[in-house]
Amino acid sequence: MPVFLAHGPASDPSLGADLLLVPNPSPAQGLAPRLDRITRGGAQVVARAVDLGDFQGKPRDTLSLVVPGVVRFPRILLVGLGEDDGITPASVRTAFANAARARVIDRVDSVAVECGALGTGARLRDLVAAAVDGILEGTYRWSASTKPAPHRPGRWVFLARTARGVTGVEQGIRAGRSLGEAVLSARRLADEPANRMSPAALAEEARSLGKQHSFAVRVLGPAGIAKENMEALLAVGSAAATEPRFIVMEHEGDGGAPIVLVGKGLVFDSGGLSIKPSLSMAEMKYDKCGGCAVIGAMQAVASRGVRRRVIGLVPAVENMISGTAYRPGDVIGSRSGKTIEVLNTDAEGRIVLADALDYAVTRYDPAAVVDLATLTGAVFGALGDRAAAILGTDSALIQRLRDAGTAVGENLWQLPLEDGHRQDVETPNADVRNTGKHGAGTIAGAAFLREFTRDASWAHLDIASVGRARRGPHRGATGFGVRLLTKALASWPGGKRAARK
Ligand code: BES
Ligand code: MN
Ligand code: ZN
């Protein structure tokens with residue numbers, strides 16, 4: 001992991017770096033005077049490039065320049081931030097992720113970031129946090145290649161304008177790091193293929209993150225799961241050579257009624273006997289994205305010392321095919337006591353979540369339950385890959401999560417979940433069936449889950465289309481959910497006292 005340092009004022013000549021990164025809004029005004037204070041040769045080179053129209057400061061604009069002579073910063077990288085009034089933490093994160101992917105970054109050991117355009121006070125702190133988060137996002141690569149990893153700068157120094165600014169920058173760095181690293185944990189775990197990330201291995205990863213970041217981790221194996229009567233979870237895992245795990249993570253905070261996060265942890269989804277076609281099966285190592293996001297959110301919440309009590313639950317299991325597989329037509333039990341008619345073994349996520357949700361609502365008396373799952377292919381059709389679907393039983397909870405998502409650039413759009421949708425999962429043969437009947441697969445999935453939430457305040461995020469990026473600069477796991485959950489949890493009203501009323 002790179003080292004991030006705060007330093008200031010930027011005009012201090014004792015500090016140098018291989019590259020000066022200058023984030024700037026469009027139009028690229030005010031740039032030259034700022035640079036004049038820091039660099040001698042640099043300001044002229046930049047002014048010329050701006051005159052020539054080579055840098056306009058639009059989002060995604062980057063321009064790498066070489067400064068002649070022996071100077072503090074032999075290279076300058078201009079990074080566009082877009083219109084001044086449109087600069088938000090989310091846009092700064094994207095701009096820095098983009099900058100961190102610039103070719104020139106691979107050639108330098110140290111980068112100094114000029115913070116002049118990032119404001120002052122709380123705004124400076126938040127935008128530096130977003131910048132650090134973005135740098136981590138942009139430098140992450142998952143690879144099991146034995147070739148050496150690409151070179152990355154080891155040092156990023158943020159140059160504040162004033163001594164007071166240095167404190168703000170330091171706070172921003174701390175916050176951005178803890179969030180950015182939590183997102184990377186989620187991505188790294190989700191990117192691991194199933195042969196390297198069994199349910200047991202995922203549980204060990206959660207344990208080790210719990211040790212590093214101080215949250216408690218308890219893991220149930222097959223015996224513990226059976227003791228909890230999680231027959232639904234066991235049925236889905238019954239064909240696999242790997243054993244299931246039920247991962248329980250706990251951040252105490254100030255105590256009180258917790259928020260419980262539940263994440264679908266299918267380390268692989270072959271579809272089971274309702275087997276998937278090869279092309280769609282090939283991406284099913286990503287079916288644990290919800291669970292990985294919950295693990296990442298626990299890391300972020302614990303490392304930031306969020307006051308709210310937060311529980312994370314991840315049923316981790318593999319949906320495979322063998323003589324012991326559960327079958328289409330089977331009727332299985334569940335922890336709640338409800339019976340489930342399995343019409344399609346590929347609708348397995350909702351089955352494992354049924355037991356996890358029941359555990360959440362019966363064991364914790366939670367203030368709210370939020371589940372994240374790559375649940376339905378249908379969500380692609382409904383919303384594409386720019387937003388996840390949110391459905392649930394509590395409109396205030398849904399609004400809170402949507403607002404948090406908007407603030408961090410993780411968009412949620414609500415789909416309806418009405419009483420009438422209960423019919424979609426009705427069957428004469430059992431208490432509930434695991435597929436819908438009338439289209440709207442994402443709603444049917446949520447209607448099924450709702451049957452296991454009793455009267456809890458509950459929201460379901462279907463992240464099947466956003467958990468993994470198929471286009472853009474970063475293919476692979478996105479860590480979607482970590483930022484929005486952390487944002488929502490950090491400002492959730494009512495710690496111990498308020499919750500007891
Ligand atoms: N894991 C899949 C959903 C999925 C599809 C995630 C594509 C990411 C990309 C889930 O278990 C599944 O197979 N759902 C079925 C449900 C259907 C059988 C009712 C689906 O969406 O086809
Ligand atoms: Mn499936
Ligand atoms: Zn699945």
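Counting convention: from 1, in listed order, for ligands and their atoms alike. Everything quoted here is computed from the prediction, not taken from an experiment.
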Original post:
Any idea which atoms of ligand 1 are less than 4.0 Å away from a heavy-atom of M284?
Top reply: 1 (N), 4 (C), 5 (C), 6 (C), 7 (C), 8 (C), 9 (C)
Original post:
Is there a side-chain contact between D424 and F448, using heavy atoms and a 4.5 Å cut-off?
Top reply: no
Subject >> atom 22 (O) of ligand 1 protein-contacted, heavy-atom criterion under 4.0 angstrom >> reply: no
Subject >> For the Zn ion (ligand 3): the N/O/S atom of D269 at shortest distance >> reply: OD2
Original post:
Do R402 and W413 meet the cation-pi criteria used here (NZ or CZ under 6.0 Å from the six-membered ring centre, within 45° of the axis)?
Top reply: yes
**OP:** For ligand 1, note which part of D269 has a heavy atom under 4.0 Å away: side chain, backbone, both or neither.
**Re:** side chain
Subject >> Protein residue, atom and distance nearest to atom 20 (C) of ligand 1, heavy-atom basis >> reply: G377 N, 3.9 Å
Subject >> Element-labelled atoms of ligand 1 that are located less than 4.0 Å from some non-hydrogen atom of K264 >> reply: 1 (N), 10 (C), 11 (O)
Subject >> Salt bridge present between D358 and R454 (N-O < 4.0 angstrom) >> reply: yes
Original post:
If you measure every N/O of N344 against every N/O of ligand 1, is any gap under 3.5 Å?
Top reply: no
Subject >> Close approach, E283 and ligand 1, non-hydrogen under 4.0 angstrom >> reply: yes
**OP:** Provide the protein N, O or S atoms situated under 2.8 Å from the Mn ion (ligand 2); waters are not included.
**Re:** D269 OD2, D346 O, D346 OD1, E348 OE1
Subject >> Derivation and outcome, salt bridge (Lys or Arg N to Asp or Glu O under 4.0 Å), residues D330 and R327 >> reply: CA-CA 5 Å; D330 282 0; R327 315 163 187 84; 3.3 Å; yes
Original post:
Does the side chain of N319 reach to within under 4.5 Å of the side chain of D287, using non-hydrogen atoms?
Top reply: no
Subject >> Name, closest N/O/S atom of D287 to the Zn ion (ligand 3) >> reply: OD2
Original post:
Can you name the residues that form a side chain to side chain donor-acceptor pair (under 3.5 Å) with E410, not counting sequence neighbours?
Top reply: none
**OP:** Please confirm if an N, O or S atom belonging to E348, backbone or side chain, lies less than 2.8 Å from the Zn ion (ligand 3).
**Re:** yes
Subject >> Full working for salt bridge (Lys or Arg N to Asp or Glu O under 4.0 Å) between R308 and D254 >> reply: CA-CA 6 Å; R308 191 77 213 197; D254 288 352; over 6 Å; no
Original post:
Which of the numbered atoms in ligand 1 are below 4.0 angstrom from a heavy atom of K276?
Top reply: 2 (C), 12 (C), 13 (O)
Original post:
Should T435 be counted as touching ligand 1, given the test is an N or O pair under 3.5 Å?
Top reply: no
Subject >> Metal site the Zn ion (ligand 3): N/O/S of K264 inside 2.8 Å >> reply: yes
**OP:** Run the numbers for me: atoms of ligand 1, each under 4.0 Å from some heavy atom of A464, listed by number.
**Re:** 6 (C), 8 (C)
Original post:
Can you find an N/O atom of R350 closer than 3.5 Å to an N/O atom of ligand 1?
Top reply: no
Subject >> Heavy-atom side-chain proximity of L266 to M284 below 4.5 angstrom >> reply: no
**OP:** Indicate yes or no: does an N/O atom of E348 lie under 3.5 Å from an N/O atom of ligand 1?
**Re:** yes
Subject >> T376 N/O to ligand 1 N/O under 3.5 Å >> reply: no
